[in-house]
Structure formats: C-alpha cells, structure tokens
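For this chain, numbers begin at 1 and follow the sequence in order.
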Amino acid sequence: MTTLNLTRAQKAAAILVAMGKPAASRLLKFFKQEELKALIEGARLLKTIPQSELERIVAEFEAEFTEGAGQLDSADQMDDLFNETLSPEEMNAIMGKGQAAAGNQPPPVWTELEKLEPARLGAFLANEHAQTSALVLSKLAPQSAANTLLTLEKPLRGEIIRRMMSIATIPETATKIIENQLRSRVLGETNTKDTSAGQSRVASLLNELDKGQLDEVLQDLQDAGTPDLEAIRARLFSFEDIPLLTQKARVALFDGLSTELVTLCLRNTSAQLAESVLSSIGARSRRMIESELGQGSDGIAMADIVKARKTVASTAIRMAREGAFELPSTQAAAA
C-alpha cells in the first residue's frame, strides 16, 4: 500500500474535514492568519484520502476520531468549511486576493468618514460591537471622533472610551475587513443616497426668499412629499429667525457687524425682533441705533432694508457652517 506524502498543513486539513463542520468551525477561530492560509492552500492540493490513510494521519497527530469517516474529497469539503465559517472579506484577506493590484485599491476610508454627519456615523456604530466602534473612532481625527461619540448613548460612550484606551496593535487584516465593511455599508450608501449637494443648492435658493415666500414654498414642498425636506429646513435661516438663536449665538453674530447695517435691517421690524437684536450688542451701539431708528424710516428704500437683512442672515449661515454656533433649524432637526 502506497503512503501519501502529505505536508503537515494537508494532514491538519484532512483531520478538520473528518471532524465535520460544527466542530471544525469552532476550532478554526483559534488559528492564526498564516495558519489558516496554509490550511487552505494545503487543502487545495488534496484529493480523495482512503480511510486507512486517514487513520494513519489521526494516529500521527495522536487524536481521537470517530470511525467511519470513509473517503474524503478534502479540497471540496474544506472549501465548504471555510466558506461557511469565514466571510468573503476574511477569505480574501487571508488568501491575499487583490494584493497584486494594490495600486488600484481604494484609499483609506477614514478621511471620507470624517466628512459624514456625526449622527450618520454614530447611527452605524450604535449597532456594532463596542470594540469595532472603538477601533473606528481611534482612526478618526479627534474632533470628528468626539462629535460622533457624542451622538451615542452615555453607557455606550463609556464602554467605547474604555476600549479605546486599551487598544494595542490592530492586525492589518482586521483593519482591512472593517474598512471594507465601512466602505460598503456606510460610504457606499452615502454615495448612492447622499443628496447634500442638492440640498445645499435648494437651501441657498430658498434663503433668498422673504419669510412669506419661504413659508409658502416650504408648504408646497411638504404637500408634494419632497424627500429630505427636514434636511433642507436645517440649512435655512432668515433674519426673522434671529430670536430663535441663543443669546450667545446672537452676541457672536452681531459682534462683527457694523451699526449702520444693524440699523438698516431693524427698520420697520417688530419690537420683539428689534429687542432680540439690540439686547445682543453693547450699550453704546444700542443707544446709537435706537437714536437712528427714532428718526423714522422716510426715504429708506425697502429693497435696501431687505438686502441688509439677507446680509445678516447669510452671515449667520456662514458662521454656523464654520462651527461658531448652531442654527435653530438644526437644533430642531436634532431634537
């Protein structure tokens, strides 16, 4: 009888196949990446193994197996075993598929993730294991990671932070698997569904309308079932929305505006709106503006007043975009 000349990896593959999928699947989780790769490559070269040869292999490894395993087509069964135990991404990572074309690989996902809204990335991480979330946040810029972390529930935040503190060296294979998942499940969905550029264009157009016109158009959009309408609302701001800003935001807004511009936009406005503006500026500037307003608005073109108000609104939008404060519509959307 001829004895098969098998490598240790081929013998191990044969034993795993003989054990059956449930038991072998549990064992596979304890193998290192290089060991798994050796097993797969060894199994590829295996053909049918006679029962007698299998018994010899078992004896050599000093393990106990159930009798009657019979003849095994090890390569095919090993394929089934790995395919049911490991994900396609893990199989590709182990076998090094695509490495020859590394120059064509997509860039790291981390800079792209930092461009997403924190709530969007946070919603994804909330459904992932805390260790995965910790790894992802550890790869982001501190500000992006912090903003995303704040969108999560407090108990989960603490768990993720604890895990971030204990993260050591992450195997490249594990990192690549997570990158692929993020690219397909987060960035892939964003690329197909993200309409933020269109929302910005619509919001810019709507911000040019006066309050009455804006409300009418928004109602028409709502009646028509326009998608992402709340996202558009979050980008809108008009001069009449100033009372909805926090006191700190109003102070920041009017700190850099001239008294002439503020005086012009307050002409013919309501007492409530005027007070929300005047209470946000210094006492000296307030007295000057109130003195000007007390002389009336005769000879002042309404078009100039509207233009001044749009200048203030545009400044608020720009400052909010730069992170100076949040617009009231953004706060409402988050709530």
Asks: Excluding sequence neighbours, so at least two apart, what forms side-chain contact (heavy atoms from CB on, under 4.5 Å) with Met165?
Replies: Ile161

Asks: Distance only, no hydrogens: is a donor on one side chain within 3.5 Å (strictly under) of an acceptor on the other, for Gln219 and Asp215?
Replies: no

Asks: Looking only at atom types and distance, does a side-chain atom of Arg250 sit under 3.5 Å from a main-chain N or O of Ser280, one as donor and one as acceptor?
Replies: no

Asks: Without swapping roles, check the side chain of Ser314 against the backbone of Lys310 for a donor-acceptor pair under 3.5 Å.
Replies: yes

Asks: Are Arg309 and Glu240 packed together at the side-chain level, in the sense that at least one heavy-atom pair is separated by less than 4.5 angstrom?
Replies: yes

Asks: Test your reading of the model: is there a side-chain donor-acceptor pair from Thr132 to the backbone of Glu128, 3.5 Å cut-off?
Replies: no

Asks: Heavy-atom distance under 4.5 Å between the side chains of Leu257 and Ile281, does that happen here?
Replies: no

Asks: Can you check whether Ile305 reaches Phe239 side chain to side chain, under 4.5 Å on heavy atoms?
Replies: no

Asks: Can you run down the side-chain hydrogen bond (donor to acceptor under 3.5 Å, both in side chains) pairs that involve residues 148-161, sequence neighbours left out, and say none if there aren't any?
Replies: Glu159-Arg162, Glu159-Arg163

Asks: Could you check if a side-chain atom of Asn268 sits within less than 4.5 angstrom of a side-chain atom of Met302, using non-hydrogen atoms only?
Replies: yes

Asks: Ser297 side chain to Ile300 main-chain N or O, any donor-acceptor pair under 3.5 Å?
Replies: no

Asks: Donor-acceptor pair, Asp241 side chain versus Pro328 backbone, under 3.5 Å?
Replies: no

Asks: Decide, yes or no, whether a salt bridge links Arg287 with Glu290 under the criterion of side-chain N to carboxylate O below 4.0 Å.
Replies: no

Asks: Measure across Arg233 and Gln222 and return the closest heavy-atom pair with its distance rounded to 0.1 Å.
Replies: NH2-OE1, 3.1 Å

Asks: Assess whether side chain to side chain contact (heavy atoms under 4.5 Å, CB included) is satisfied between Leu125 and Leu149, documenting all intermediate values.
Replies: CA-CA 9 Å; Leu125 295 181; Leu149 191 68; over 6 Å; no

Asks: Hey, is CD on Gln272 packed in by over 12 heavy atoms from elsewhere, all under 6.0 Å?
Replies: no

Asks: For the residue pair Ala130 and Ile160, what are the closest heavy atoms and their distance?
Replies: O-CG1, 4.1 Å

Asks: Taking atom CD of Gln143 as the centre, does the number of heavy atoms from other residues, nucleotides or ligands within less than 6.0 Å exceed 12?
Replies: no

Asks: Would Phe325 and Thr246 count as a side chain to side chain contact (heavy atoms under 4.5 Å, CB included) if you check the C-alpha gap in whole Å, the side-chain angles of each, and the deciding distance to 0.1 Å?
Replies: CA-CA 9 Å; Phe325 50 77; Thr246 64; 5.6 Å; no

Asks: Tell me whether Glu117 at atom CD has more than 12 heavy atoms from other residues, nucleotides or ligands lying less than 6.0 Å away.
Replies: no

Asks: Between Asn207 (side chain only) and Arg235 (backbone N and O only), is there a donor and an acceptor less than 3.5 Å apart?
Replies: yes

